[in-house]
Amino acid sequence: MVARRKVAVVGVALSDCGRVDDATPYALHAQAARRALADAGLDRSLVDGFASAGLGTLAPVEVAEYLGLRPTWVDSTSVGGSTWEVMAAHAADAIAAGHARAVLLVYGSTARADVRAGRRTGTLSFGTRGPMQFEVPYGHTLIAKYAMAARRHMIEYGTTIEQLAEVAVQARANAALNPEAMFRTPITVDKVLSGPMIADPFTKLHCCVRSDGGAAVLLVAEEYVRDCRTAPVWVLGSGESVSHAAMSEWPDFTVSPAAVSGRLAFERAGVRPSEIEVAEIYDAFTYMTLVTLEDLGFCGKGEGGAFVEKGRLRVEGGELPVNTDGGGLSAQHPGMRGLFLLVEAVRQLRGECGQRQVRRADGTPPRLAVASGTGGWFCSSGTVVLGAG
């Protein structure tokens, strides 16, 4: 039996992102993977574990073949936006147990380019089979599910549409500091509220952008850290949880599965929410950020509106910088964005984020970060706590 080993993230990268009209999803996978390996300074021959989802009939087999990999440990868990946090947890467990030495997580999507070229349409529904057959006929689209949950929170706790709009305003303020963000022009609460209605109460700027792009993260066992060109970022703890598929089976629209995954991750990491210095949270819609902040324990249930309206999410002057790259609301959102959260969290802990770099009072980079992904319509959650080396 191999003793359990510590696990570190040693390589992270994005592919070209935003508007990418001349690349396939496979090419974006490869670009991100090459960049992550180069970031770590390791050869791909070390990689014996591979995780991917969302592309191909036999993901991750097809993507591994495209990358020239023959892994002996694989994961194709697909639970929407939380896929990558869940995969990172699985990869860390596998490495710690000695089942793999280096696991590469990769994602790539041309969601924006495909719609533009007419190769696909916007995702209004995930189908009409199974539990969905009881909802889809009534126009219960993907965005409508989030909108209903947001409205329930507003009714239950007095959360205002202006408070939800503040999430978008602060995400854009962070994006303004990120030269790679898709949208960087500052916005106001009034600008958010005056936009076209998409699904009540969400106007356009309450919703994520649609982009192209890919990301990759390389995790290794502790004995390989000394061979890397980057400082390690350690996986301290993780948790995962599922809630529901049918909205009728969701006990409380104001509680996301992050309430469970977050508690497990913090307990396993031996860290309190109050110790976290940077939070990367899945934000396909403004309400996701607000309710996840509550459920991770950064504020009490029902207090998310008051928490976000005071500018706490900003890189500049915020008490808890959230989605420091601009998030899915402003930076990029090519489908299942969870891997981008891990990339940004690692870069922040390594102090590599330039103008958007979060710093402690003494000027040093943060030491603790959390990445929390949400999948489906609050159907699943994966949370990972990371610590600087």
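- In this structure a side-chain-to-backbone donor-acceptor pair under 3.5 Å is present from His244 to Trp377.
- Aromatic ring centres of Phe378 and Trp250: separated by under 6.0 Å.
- In the hydrophobic clustering of ILVMFWY residues, with side-chain heavy atoms under 4.5 Å counting as a link, Phe285 and Phe307 come out together.
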message: Determine whether Asp190 and Thr188 satisfy the following criterion, side chain to side chain donor-acceptor pair (under 3.5 Å), listing intermediate values before the conclusion.
response: CA-CA 5 Å; Asp190 287 343; Thr188 64; 5.2 Å; no
- request: Give the intermediate values and the outcome of side-chain contact (heavy atoms from CB on, under 4.5 Å) for residues Met87 and Val79.
  value: CA-CA 10 Å; Met87 281 184 172; Val79 285; over 6 Å; no
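- Within the 4.5 Å cutoff, side-chain heavy atoms of Tyr107 are placed close to those of Trp84.
- Although no hydrogens or angles enter the test, the distance criterion places no donor-acceptor pair under 3.5 Å between the side chain of Thr324 and the main chain of Pro321.
- Taking the ring-ring contact (aromatic ring centres under 6.0 Å, His included) definition, one finds that Phe266 meets it with nothing, sequence neighbours left out.
- The main-chain N or O of Val47 is never found under 3.5 Å from a side-chain atom of Arg101 such that the two would form a donor-acceptor pair.
- Of the possible polar contacts, one joining the Asn323 side chain to the Ile281 backbone as a donor-acceptor pair under 3.5 Å is found.
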- request: Apply the test side-chain contact (heavy atoms from CB on, under 4.5 Å) to residues Lys204 and Met197: give CA-CA distance (whole Å), side-chain angles for both, the deciding distance (0.1 Å), then the verdict.
  value: CA-CA 6 Å; Lys204 182 178 179 179; Met197 183 63 68; over 6 Å; no
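- Residue pairs satisfying the ring-ring contact (aromatic ring centres under 6.0 Å, His included) criterion with at least one member in residues 171-196, sequence neighbours excluded, are absent.
- Side-chain heavy atoms closer than 4.5 Å link hydrophobic residues (I, L, V, M, F, W, Y) into clusters, and following such links, even through other members, never connects Val209 to Leu14.
- Side-chain atoms of Leu67 and Tyr26, non-hydrogen and from C-beta on, never get closer than 4.5 Å to each other.
- Inter-residue side-chain proximity for Val10 and Tyr224 is flagged as unmet; no heavy-atom pair is nearer than 4.5 Å.
- Side-chain N or O atoms of Gln332 include none that pairs as donor or acceptor with a backbone N or O of Ala181 at under 3.5 Å.
- Note that the CG atom of Leu368 and the CG atom of Leu236 stand 6.5 Å from one another [nearest 0.5 Å].
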- request: Give the intermediate values and the outcome of salt bridge (charged side-chain N to carboxylate O under 4.0 Å, His left out) for residues Glu352 and Arg350.
  value: CA-CA 6 Å; Glu352 299 174 345; Arg350 295 196 316 203; 3.0 Å; yes
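- Asn178 CG to Ser330 OG: the interatomic distance, rounded to the nearest 0.5 Å, is 10.0 Å.
- The line from NE2 of His99 to CG of Asp93 is 10.0 Å long, rounded to the nearest 0.5 Å.
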message: I'd like to know whether Tyr146 forms a side-chain contact (heavy atoms from CB on, under 4.5 Å) with Phe202, so could you lay out the CA-CA distance, the side-chain angles of the two residues, the decisive distance to 0.1 Å, and finally the verdict.
response: CA-CA 9 Å; Tyr146 285 102; Phe202 295 148; 3.8 Å; yes
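- Checked against the 6.0 Å centroid threshold, Phe340 and Tyr282 do not count as a close aromatic pair.
- A salt bridge links Arg312 with Glu319: at least one charged nitrogen is closer than 4.0 Å to a carboxylate oxygen.
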Criterion side-chain contact (heavy atoms from CB on, under 4.5 Å) on His90 and Glu240, from CA distance to verdict: CA-CA 10 Å; His90 295 176; Glu240 55 197 85; 3.2 Å; yes
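- Between the side chain of Glu277 and the backbone N or O of Ala369, no donor-acceptor pair lies under 3.5 Å.
- By the 4.0 Å N-to-carboxylate-O rule, Arg112 lies close enough to Asp21 to be salt-bridged with it.
- A donor-acceptor pair under 3.5 Å is formed between the side chain of Gln348 and the backbone N or O of Val358.
- At a threshold of 4.5 Å between non-hydrogen side-chain atoms, the residues Tyr157 and Lys301 count as touching.
- Partners of Arg151 under the side-chain contact (heavy atoms from CB on, under 4.5 Å) rule, at least two apart in sequence or in another chain, are Met154, Ile155, Asp200, Pro201.
- Summarising the local packing, CD of Glu180 is surrounded by 12 or fewer heavy atoms from other residues, nucleotides or ligands at distances under 6.0 Å.
- Between Asp39 and Gly11, the shortest heavy-atom distance links the atoms OD2-CA, 3.3 Å.
- A 4.5 Å side-chain heavy-atom check between Ser109 and Leu28 finds every atom pair outside the cut-off.
- Side-chain atoms of Asp75 and Val103, non-hydrogen and from C-beta on, never get closer than 4.5 Å to each other.
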- prompt: Which is it for Ser211 and His333 under the side chain to side chain donor-acceptor pair (under 3.5 Å) test, yes or no, and what are the steps along the way?
  reply: CA-CA 5 Å; Ser211 76; His333 196 297; over 6 Å; no
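- Put simply, Leu342 and Val86 are part of two different groups of oily side chains (I, L, V, M, F, W, Y) that touch within less than 4.5 Å, one to the next.
- With a 4.5 Å cut-off on side-chain heavy atoms, Arg356 and Asp325 count as touching.
- Although no hydrogens or angles enter the test, the distance criterion places no donor-acceptor pair under 3.5 Å between the side chain of Thr110 and the main chain of Ala113.
- His29 has its ring centre no less than 6.0 Å from the ring centre of Tyr66.
- The number of heavy-atom neighbours closer than 6.0 Å to NZ of Lys191, taken from other residues, nucleotides and ligands shown, is 12 or below.
- Taking each heavy atom of Ile161 and Leu193 in turn, the nearest pair found is CG1-CD2, 3.7 Å.
- Judged by distance alone, with hydrogens and angles left aside, the side-chain atoms of Glu294 form a donor-acceptor pair with the main-chain N or O of Gly304 at under 3.5 Å.
- Shown here for Gly373 and Ser82, the closest heavy-atom pair between the two residues is O-CB, 3.2 Å.
- Here Glu223 contributes atom CD and Ile95 contributes atom CD1; the two are 9.5 Å apart, rounded to the nearest 0.5 Å.
- Hydrophobic cluster membership is shared by Leu349 and Leu219, with clusters built from Ile, Leu, Val, Met, Phe, Trp and Tyr side chains linked at under 4.5 angstrom.
- A donor atom on one side chain and an acceptor atom on the other are not found under 3.5 Å apart for Thr383 and Glu85.
- The minimum heavy-atom distance between Val308 and Gln163, with the atom names listed, is CG2-O, 3.5 Å.
- Rounded to the nearest 0.5 Å, atoms OG1 (Thr374) and CE (Met288) are 4.0 Å apart.
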- prompt: Going through the checks in order, is the side chain to side chain donor-acceptor pair (under 3.5 Å) test met by His153 and Thr159?
  reply: CA-CA 6 Å; His153 198 280; Thr159 305; 2.7 Å; yes
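- Shortest non-hydrogen contact noted between Val278 and Pro366 is CG2-CG, 3.7 Å.
- The two atoms that bring Leu218 and Ala40 nearest to each other are CD2-CB, 3.9 Å, heavy atoms only.
- Grouping the Ile, Leu, Val, Met, Phe, Trp and Tyr side chains by contacts below 4.5 angstrom, directly or via other members, places Val315 apart from Val343.
- In this structure, the side chains of Val384 and Val370 stay at 4.5 Å or more apart for every pair of heavy atoms.
- In this structure, Thr292 contributes its side chain and Thr289 its backbone to no donor-acceptor pair below 3.5 Å.
- Between atom CG of residue Leu37 and atom CG of residue Leu46 there is a gap of 9.0 Å, rounded to the nearest 0.5 Å.
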